[in-house]
Amino acid sequence: MKPVVIAMPGNERLVDQLADHLALERVAAIVQRFPDGESHVRVEASIEDRHALIVCTLDRPDDKLVPLLLLSCAVREAGARSVGLVAPYLAYMRQDTRFKPGETISAQHIGAWISRHVDWLVTVDPHLHRIADLSQVYSIPSRVVHAADSVARWVRSQVRQPLLIGPDEESAQWVGAVAQRANAPFIVLTKHRRGDRDVEVSVPDVEHWQTHTPVLVDDIVSTARTMIETVGHLRRAGLAAPVCVGVHAVFAQTAFKDLRAAGASEIVSCDTIEHPSNRIALAPAIAASVRELLP
Ligand code: R5P
């Protein structure tokens, strides 16, 4: 019997793509809110003895986690043999240490909650910084899809003479990987974040890159302050208007508009979170990782 794939609301496009790539059967689920704000979920088909996977990207996670965990319970109680999760964007990976006394390390708790409810996990470039490997916070089998190949392919085909730029030390890992695959030079800047929207970025000597097109690459664009600061510095240093590439287009509140206004020539993202900036499709890479974990 074919495995079944279930979309949490908003994830239907990726579900269709995975169903096509992996010959899965789409099964509908109702995910609603009662008038008092509590979640109500129901699996709408018989899935007895079938392997199942739920697709739910986890931007704006507080609205999604309760219904997702309830849906995983409903799927199991409906008789599924196993339940996997495809979460192209994995939230809560940035609170990966106790920055101030009294805080908690959210990444560990969210990882433990999700690990208790599903049997395996596939995600795309989770924010691995102080946590070096997903297995430190997820106790279930997992696969990480890297966007570097797809981003590099886009850069190679769309940008003339690119100079790849990582806005901070953390970005060195993915900007280096993209640069190598795009056969382009790269530099990494230094970032000081003083608050959610207070970011300072230092730019090394960039004069000899005047003939290149700067391409900023970061894993997450949330408030976009990191990219906005960097765009400002590069423009003041006389470089061309930069192309901004984010793997995960979180774009909180007015961030997208603000980044455009700051002078980005183009804003591009992978399709891990549906957004008008999506240009880089990752379904084939996600499907390849799902194939490795789906029993
Ligand atoms: C930092 O740890 C991440 O890699 C990104 O640089 C960061 O999340 C970007 O955040 P924002 O868009 O709010 O500056």
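All residue numbers in this chain count up from 1 along the given sequence.
Screening residues 67-96 for salt bridge (charged side-chain N to carboxylate O under 4.0 Å, His left out) gives Arg76-Asp119, Asp96-Arg130 as the qualifying pairs, with residues at least two apart or on separate chains. Listed by first then second residue, pairs satisfying ring pair (Phe, Tyr, Trp, His ring centres under 6.0 Å) with a partner in residues 62-81 number zero, not counting sequence neighbours. Legend: salt bridge (charged side-chain N to carboxylate O under 4.0 Å, His left out) pairs involving residues 147-161, not counting sequence neighbours, sorted by first then second residue: Asp149-Arg181. Listed by first and then second residue, the salt bridge (charged side-chain N to carboxylate O under 4.0 Å, His left out) pairs that reach into residues 22-32 are Asp16-Arg26, Asp20-Arg26, Glu25-Arg50, sequence neighbours excluded. The list of side-chain hydrogen bond (donor to acceptor under 3.5 Å, both in side chains) pairs with a residue in residues 234-246, not counting sequence neighbours, is empty.
Scanning for side chain to side chain contact (heavy atoms under 4.5 Å, CB included) contacts around Ser39 gives Arg33, Val66, Pro67, Leu70, with sequence neighbours left out. Taking the side-chain hydrogen bond (donor to acceptor under 3.5 Å, both in side chains) definition, one finds that His109 meets it with Thr104, sequence neighbours left out. Remark: Asp59 pairs with Lys64 by the side-chain hydrogen bond (donor to acceptor under 3.5 Å, both in side chains) rule, at least two apart or across chains. A search for side-chain hydrogen bond (donor to acceptor under 3.5 Å, both in side chains) contacts involving Ser82 returns His51, not counting sequence neighbours. Here Gln136 pairs with nothing under the side-chain hydrogen bond (donor to acceptor under 3.5 Å, both in side chains) rule; sequence neighbours left out.
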Show me the donor-acceptor pairs within less than 3.5 Å that the side chains of residues 259-266 make with the rest of the protein, sequence neighbours left out.
{"residue": "Ser265", "atom": "OG", "partner": "Ala241", "partner atom": "O", "Å": "3.4"}
{"residue": "Ser265", "atom": "OG", "partner": "Pro242", "partner atom": "O", "Å": "3.2"}

Show me the donor-acceptor pairs within less than 3.5 Å that the side chains of residues 281-294 make with the rest of the protein, sequence neighbours left out.
{"residue": "Glu292", "atom": "OE1", "partner": "Arg143", "partner atom": "NE", "Å": "2.5"}

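In this structure the side chain of Lys2 never reaches within 4.5 angstrom of the side chain of Leu24, judged on heavy atoms. Within the 4.5 Å cutoff, no side-chain heavy atoms of Val217 are placed close to those of Ser171. For the pair Leu134 and Pro126, the minimum side-chain heavy-atom distance is below 4.5 Å. The closest side-chain heavy-atom distance from Leu234 to Leu216 is below 4.5 Å. For the pair Leu58 and Ile114, the minimum side-chain heavy-atom distance is below 4.5 Å. Using a 4.5 Å cut-off on side-chain heavy atoms (C-beta onward), Thr123 and Ser142 make no contact.
Considering OH of Tyr138 and CD1 of Ile131, their distance stands at 9.5 Å, rounded to 0.5 Å. How far CD1 of Ile165 is from SG of Cys244: 9.5 Å, rounded to the nearest 0.5 Å. Atom CD1 in Ile280 sits 10.0 Å away from atom OG1 in Thr272 (nearest 0.5 Å). Put simply, CD on Gln180 and CG on Leu164 are 12.0 Å apart, with the number rounded to the nearest 0.5 Å. Annotation: the span from Gln161 atom CD to His212 atom NE2 amounts to 4.0 Å, rounded to 0.5 Å.
Closest heavy-atom contact between Pro88 and Leu14: CG-CD2, 3.5 Å. Considering every non-hydrogen atom in both Met8 and Cys56, the closest pair reads CG-CB, 3.6 Å. Listed here is the closest heavy atom pair of Ser115 and Ile140: O-CG2, 3.5 Å.
Tracing side-chain contacts under 4.5 Å through hydrophobic residues (I, L, V, M, F, W, Y), one never reaches Val83 starting from Trp120; they form parts of separate clusters.
Using the six-membered ring where Trp is involved, Phe256 and Phe251 have ring planes that are perpendicular, over 60° apart on the 30 and 60° scheme.
For the residue pair Tyr92/Asp62, the side-chain donor-acceptor check at 3.5 Å is satisfied.
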